[in-house]
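Data block below; observations after.
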There are 2 protein chains.
Amino acid sequence: MLYAVFMSSVLPPFPQPQEPFDAPQLLEVGPAPQEPCLRADAARNRARLLEAAARLIAEHGVAGVTMEAVAAAAEVGKGTVFRRFGDRTGLLMALLDHSSRQLQADFLGGPPPLGPGAPPVDRLRAFGVAVLYRSAEQLDLQLAAQPEPTRRYANPPIRALRTHITMLLRQIEPAADCELLAQTLLAYLDPAQIHHLTRQCGMPMERLEAGWVDLVDRVTRTEPAR
Amino acid sequence: MLYAVFMSSVLPPFPQPQEPFDAPQLLEVGPAPQEPCLRADAARNRARLLEAAARLIAEHGVAGVTMEAVAAAAEVGKGTVFRRFGDRTGLLMALLDHSSRQLQADFLGGPPPLGPGAPPVDRLRAFGVAVLYRSAEQLDLQLAAQPEPTRRYANPPIRALRTHITMLLRQIEPAADCELLAQTLLAYLDPAQIHHLTRQCGMPMERLEAGWVDLVDRVTRTEPAR
DNA sequence: TTACGAATCCGGACCGAGGTCCGCTTAATT
DNA sequence: AATTAAGCGGACCTCGGTCCGGATTCGTAA
């Protein structure tokens, strides 16, 4: 499983799902994993680094993923790690890359209700549940990969999620401020929040799931006729 | 203004607002600023540290607030800073303490619509707007004071806000899962989100404000009769 | 008021980890 | 083979956080 994680990041761009009828053109589904073409040694080192990082996580948890440790485990210089991934957050996000793309493929081109074909509200409900459980599975990594507050909402994977929610909302509530509503809905799915509610407050996932469905209902309920 | 910030933190506990009729007993409004009584030298150093930190912010921005710099500016050992505030986040939160307490006093015992006396929905609307503008004013500090994801929702000031929202919600929608709704509403007011929307997306505060009111409406709108 | 003991606090040396830098090496190109 | 752009590595810096021997403060009792 972790193998898939780092292997995927070495593969060419990303198998574009057959263009779904309502896929927004502005949503760049596959920002080339890296600068179009990596020099041979660079690509090799990148793969080794991701593999090493995954191994370290498996053995010592996310906390064990030190930039120096990763470099050492990959038998590579420290500078190389930073050159490739920018910073620790970048490395951890690269580890999540595979799962991000999978999710993205699912809601852009997968089967309903997540994918196109189902009514927008159903897709929205399914989307939240999917994100919820995905985050719950990789909570530690997701938390560790969270960038500093200033960049939290600016990274590509998050933007993709938000764009998708926005698009669905526009189909449901065209009159509303869909950007803001999307932001709100997305905030409900924040890994940090999930962590707090489940691990610190002891809520079961079922309750979070119900909460999402309820929230979607409330948010997409148009002004009752009067 | 910044003077008030650190001065307040030296003052005794906190002037309890006259007990409002609906103040939740569980909400500890004034967690004694520190262990009840500080040794004379400790208190003095604490004040000097907060003063030094405020000065550094004024001169070099939040980024200039290095633990060593603060210690040096306060003419105090580095260990003292950590002993008193735990970590950098603790120091920055202490700087926000005054404003936190002010806000808390306002919505617990101040005049309506923020304080008790107005209908819960109005209080909720006013609450959001107040938090919104307060965060906008101190954005840099708020962002810097944000603890790592694992503790983001666990610190006292945030808990106080959430408790208040929860209480208001319970008066409005007793049947709903008010904890989760409160969490969602609170997320809308997250400084990181405000930062992203205003500074990175260029939204004017008026739009955020309208978004809050709209969100409250949607969330508190009971199931339309059918 | 002074003496004294103990709890508290102070300070700065020390450590680890993230991030930068720059001279050297290596892969692609012609 | 020569040229050049990209990559590499590890020394180096900064900063947050820890630790512990020594100094201060404060309650208590003479």
Side-chain angles (χ1 to χ4, degrees), chain A residues 9-10 32-50 52-53 56-57 60-95 143-151, chain B residues 10 32-53 56-57 60-95 143-151:
Chain A
S9 298
V10 190
Q34 212 64 18
E35 304 71 47
C37 191
L38 231 42
R39 230 173 66 172
D41 51 350
R44 179 190 43 115
N45 282 339
R46 181 183 148 88
R48 296 175 65 173
L49 283 168
L50 287 168
L56 282 179
I57 287 185
H60 309 107
V62 183
V65 181
T66 287
M67 296 308 257
E68 265 176 319
V70 174
E75 294 177 283
V76 141
K78 192 175 168 185
T80 304
V81 193
F82 284 92
R83 159 176 308 274
R84 192 55 51 211
F85 299 102
D87 55 10
R88 200 179 108 106
T89 296
L91 171 61
L92 297 179
M93 290 207 312
L95 284 175
L143 288 178
Q146 196 138 98
E148 50 160 9
T150 328
R151 301 179 198 147
Chain B
V10 190
Q34 211 66 17
E35 304 70 47
C37 193
L38 230 42
R39 226 173 69 173
D41 51 350
R44 178 190 45 119
N45 282 339
R46 180 182 149 88
R48 296 174 66 173
L49 283 169
L50 286 167
E51 177 181 14
L56 282 180
I57 288 187
H60 308 107
V62 182
V65 180
T66 287
M67 295 308 257
E68 267 177 315
V70 174
E75 293 176 284
V76 143
K78 191 176 169 184
T80 304
V81 193
F82 284 92
R83 158 176 308 273
R84 192 54 52 210
F85 299 102
D87 56 9
R88 201 180 107 106
T89 295
L91 172 61
L92 296 179
M93 291 208 311
L95 283 175
L143 289 178
Q146 197 138 96
E148 51 160 9
T150 328
R151 302 178 200 150

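Labels below follow one simple rule: chain letters A, B, ... track the order of the sequence lines, proteins then strands, and each chain is numbered from 1. Remember, predicted model here, so these are calculated numbers, not experimental data. Computed from heavy atoms alone, side chains included, the values below leave out hydrogens, waters and symmetry copies.
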query: Hey, are the side chains of B:Leu50 and B:Leu91 touching, using non-hydrogen atoms and a 4.5 Å cut-off?
result: yes
Give each protein N/O atom lying under 3.5 Å from an N/O atom of nucleotides 2-4 of chain C, with the pair distance.
none

task: Find out whether B:Phe85 and B:Arg46 are in side-chain contact, i.e. whether some heavy atom of one side chain is under 4.5 Å from a heavy atom of the other.
output: yes
task: If a pair satisfies salt bridge (Lys or Arg N to Asp or Glu O under 4.0 Å) and one of its residues is in residues 69-80 of chain A, list it, with sequence neighbours excluded.
output: A:Arg48-A:Glu75, A:Glu68-A:Lys78
query: When you measure from the side chain of A:Arg88 to the backbone N and O of A:Ala144, does any donor-acceptor pair fall under 3.5 Å?
result: no
message: If you compare all heavy atoms of A:Met67 against all heavy atoms of A:Asp87, which two are closest, and at what distance to 0.1 Å?
response: CE-C, 3.7 Å
task: First locate atom CG of B:Leu38, then atom CG of B:Asn45, and finally report the distance between them rounded to the nearest 0.5 Å.
output: 9.5 Å
- line: B:Ala73 and B:Ala52 have their tightest heavy-atom pair at CB-CB, 3.8 Å
task: Answer yes or no: is there a side-chain heavy-atom contact under 4.5 Å between A:Glu148 and A:Thr89?
output: no
- prompt: Which letter, B, S or -, goes with each nucleotide of nucleotides 10-21 of chain C from 5' to 3', with contact meaning a protein heavy atom under 4.0 Å?
  reply: BBB-----BBB-
query: Within this structure, what is the CG-to-P distance between A:Leu38 and D:dA5, rounded to whole angstrom?
result: 18 Å
